Amino acid sequence: MKHVSLLGSTGSIGRQTLDICARFPAELQVAALAGGSNVELLAAQALEFRPRLVAVADESKYAQLKELLGAAAADMEVLAGEAGVIACAEAAEADIVLGAISGVAGLKPVLAALQQGKDIALANKEVLVAGGQLVMPLAKEKNAALLPVDSEHSAIFQCLQGEVKPQKLWLTCSGGPFWEYPAEQLPHVTPEMALRHPNWSMGAKITIDSATLVNKGLEVIEAHWLFDMDYDDIEVLVHRQSIVHSLVSFADASVKAQLGLPDMRTPIQYALLYPNRPENALPKLDLTTTPPLTFVKPDTDRFPGLRLAYEAGRRGSGATVAFNAANEALVHAFLRKEISFGTITDGLSAVMSRDWPALAADLDTVVALDAEARELAARFTKGGKL
Ligand code: NDP
Ligand code: MG
């Protein structure tokens, strides 16, 4: 039996994680649930899964959460704010913490869990983009496992079981909703259009990141940290069908890939129950009925976010903190309809044209650089330049 602390339980990955927990009641027990502000769903989840700890990040929702929990609140520790989320990450009985918060907000809780020596199943890629330089050494020091949930990284992790170091990693990419869209119309697409992803149903921020291809850039940086690979040895392939989740190649010219239907519950289950693969009754892939599988190089002229991410990665962690923070600020401005789609990558480009330190060596530096990049991005969204 593994006890799971789930951070970001009310989101897309959080809900699918609870689906997996419900399928394996003898193997997985929910010890703690933390959400952002959706207390109706958080309370319903807590009433169903009965964790010892429940936390809502938005402190103004605390009273409402308690009220919704009613008499059940007496058996639970109900918390609020960042401290409450961190308490869930540190929960004494948790064996594994699934990080499914969106954005850099997930970094401190993951570091807190690692300090306690907890294993981490990580969906929240921004944690590694902004804090890989802190997370990876801490995981090593505490002998804690870092199990990828992001489908591409789970695929690579699965391909590397029992293997030697690969020569290259190949991350597949769906291309997002605008891969074939006319270039001149691309800057003007709306949030509604961008939120319609062809193959995956995800939270708003990652869906916009998928449309700009910044998501793949974040994943390149994530792969650099998880698999200790140089940026020159991480490639991206646009694969519209999202069946091949990623590949690795070896010095002997052999290539391994992991395939499956696009369903995040597969990598979530693999991370939570690793190294076991119990039957789960999810729909299975039938290669005789899938459309032909295609692979092409990404177009970084039309989608400069991917190129900017590689550049940031090569510059070092100060630049990746700034890249991530500017992107978060710009994506949220786009979702609020304050800027156009094209302004997301224009703003990223402008923020990245600044000098950023090669290393963000501690959490205070990460927090300071993050704030500086958000401030620059906000200035860009108002004036169109820096
Ligand atoms: P969602 O936006 O659907 O969910 C985000 C979750 O984080 C919600 O539970 C939200 O709470 C919570 N949250 C937000 N801010 C805070 C905070 N400050 N403290 C605590 N909780 C907070 O995102 P997704 O589930 O789509 O994505 C989560 C992460 O997983 C992202 O990093 C994403 O890149 C990654 N990922 C997602 C995939 C997917 O298929 N969705 C695939 C691969 C990776 P509330 O809603 O209650 O406000
Ligand atoms: Mg992914």
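For this chain, numbers begin at 1 and follow the sequence in order. Ligands are counted one by one from 1 in listed order, and the atoms in each one are counted from 1 as well. Not measured: the values here are computed from a predicted model.
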Test log, rule ring pair (Phe, Tyr, Trp, His ring centres under 6.0 Å), inputs F178 and F341: CA-CA 11 Å; F178 307 125; F341 185 73; 5.4 Å; yes

Test side-chain contact (heavy atoms from CB on, under 4.5 Å) applied to K142 and Q116, step by step: CA-CA 8 Å; K142 298 288 179 178; Q116 301 303 314; over 6 Å; no

Residue pair H224, Y231: steps toward the ring pair (Phe, Tyr, Trp, His ring centres under 6.0 Å) verdict: CA-CA 7 Å; H224 161 80; Y231 286 98; 4.3 Å; yes

Derivation and outcome, ring pair (Phe, Tyr, Trp, His ring centres under 6.0 Å), residues F157 and Y274: CA-CA 11 Å; F157 183 67; Y274 173 79; 5.2 Å; yes

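Atom 3 (O) of ligand 1 has as its closest protein heavy atom S12 N, 2.9 Å. From the protein, the heavy atom lying nearest to atom 33 (C) of ligand 1 is I206 CD1, 3.9 Å. Of all protein heavy atoms, the one lying nearest to atom 35 (C) of ligand 1 is A123 O, 3.1 Å. The nearest heavy-atom contact from the protein to atom 11 (O) of ligand 1 is G36 N, 2.8 Å. Nearest protein heavy-atom contact of atom 48 (O) of ligand 1 is S37 N, 2.9 Å. In this structure, atom 34 (O) of ligand 1 lies nearest to the protein heavy atom K125 CE, 3.2 Å. The protein atom (non-hydrogen) at minimum distance from atom 2 (O) of ligand 1 is G203 CA, 3.8 Å.
Looking at ligand 1, you won't find any N or O of A57 less than 3.5 Å from one of its N or O atoms. On a distance-only criterion, M264 and ligand 1 share no N/O pair closer than 3.5 Å. Polar contact check, A34 against ligand 1: no nitrogen or oxygen pair lies under 3.5 Å apart. Among the atoms of N124, some N or O lies under 3.5 angstrom from an N or O of ligand 1. Checked against a 3.5 angstrom limit, the closest N/O atoms of E126 and ligand 1 fall inside it. Ligand 1 has an N or O atom lying under 3.5 Å from an N or O atom of N38, backbone or side chain.
Crowding of D286 atom CG: a count of heavy atoms from other residues, nucleotides or ligands under 6.0 Å exceeding 12. For K165, the NZ atom sits in a packed shell: over 12 heavy atoms of surrounding residues, nucleotides or ligands are nearer than 6.0 Å. Within a 6.0 Å sphere centred on CG of N143, heavy atoms belonging to other residues, nucleotides or ligands number 12 at most. Summarising the local packing, NZ of K284 is surrounded by more than 12 heavy atoms from other residues, nucleotides or ligands at distances under 6.0 Å. Environment of CD in E67: sparse, with no more than 12 heavy atoms of neighbouring residues, nucleotides or ligands closer than 6.0 Å.
When rounded to 10 degrees, the angle formed at the Mg ion (ligand 2) by OD1 (D150) and OE2 (E219) equals 100°.
Connection of L47 to L28 is established within a shared hydrophobic cluster, with ILVMFWY side chains joined at heavy-atom distances below 4.5 Å, either directly or through further cluster members. Residue F227 is grouped with residue L128 when hydrophobic side chains (ILVMFWY) are merged at heavy-atom distances under 4.5 angstrom, including chains of intermediate members. Residues Y270 and V244 are members of separate hydrophobic clusters, defined by side-chain heavy-atom contacts under 4.5 angstrom among Ile, Leu, Val, Met, Phe, Trp and Tyr. Under the 4.5 Å side-chain heavy-atom criterion for Ile, Leu, Val, Met, Phe, Trp and Tyr, F295 and L306 are members of distinct hydrophobic clusters.
For ligand 1, the atoms closer than 4.0 angstrom to any heavy atom of T10 are 8 (C), 9 (O), 10 (C), 11 (O), 45 (P), 46 (O), 47 (O). Shown in contact with D150 at under 4.0 Å from a heavy atom are these atoms of ligand 1, numbered in order with element: 43 (C), 44 (C). Counting the atoms of ligand 1 from 1 in the order shown, those under 4.0 Å from a heavy atom of G35 are 11 (O), 20 (C), 21 (N). If you number the atoms of ligand 1 from 1 as listed, the ones under 4.0 Å from a heavy atom of G11 come out as 1 (P), 3 (O), 4 (O), 8 (C), 9 (O), 25 (O). Distances below 4.0 Å separate heavy atoms of A105 from the following atoms of ligand 1: 18 (N). Near I13, the atoms of ligand 1 lying under 4.0 angstrom from a non-hydrogen atom of the residue are 25 (O), 30 (O), 37 (C), 38 (C), 39 (C), 40 (O), 41 (N), 42 (C).
As for E152, its N/O/S atom nearest the Mg ion (ligand 2) is the one called OE1.
When the heavy-atom distances from atom 15 (N) of ligand 1 to V85, T17, I101 are ranked, the shortest goes to I101. Taking each of A100, G14, G81 in turn, the one with a heavy atom nearest to atom 6 (C) of ligand 1 proves to be A100.
Under the 4.0 angstrom criterion for non-hydrogen atoms, K205 is not in contact with ligand 1.
The only option from T266, L273, L272 that meets the side chain to side chain contact (heavy atoms under 4.5 Å, CB included) definition with Q269 turns out to be L273.
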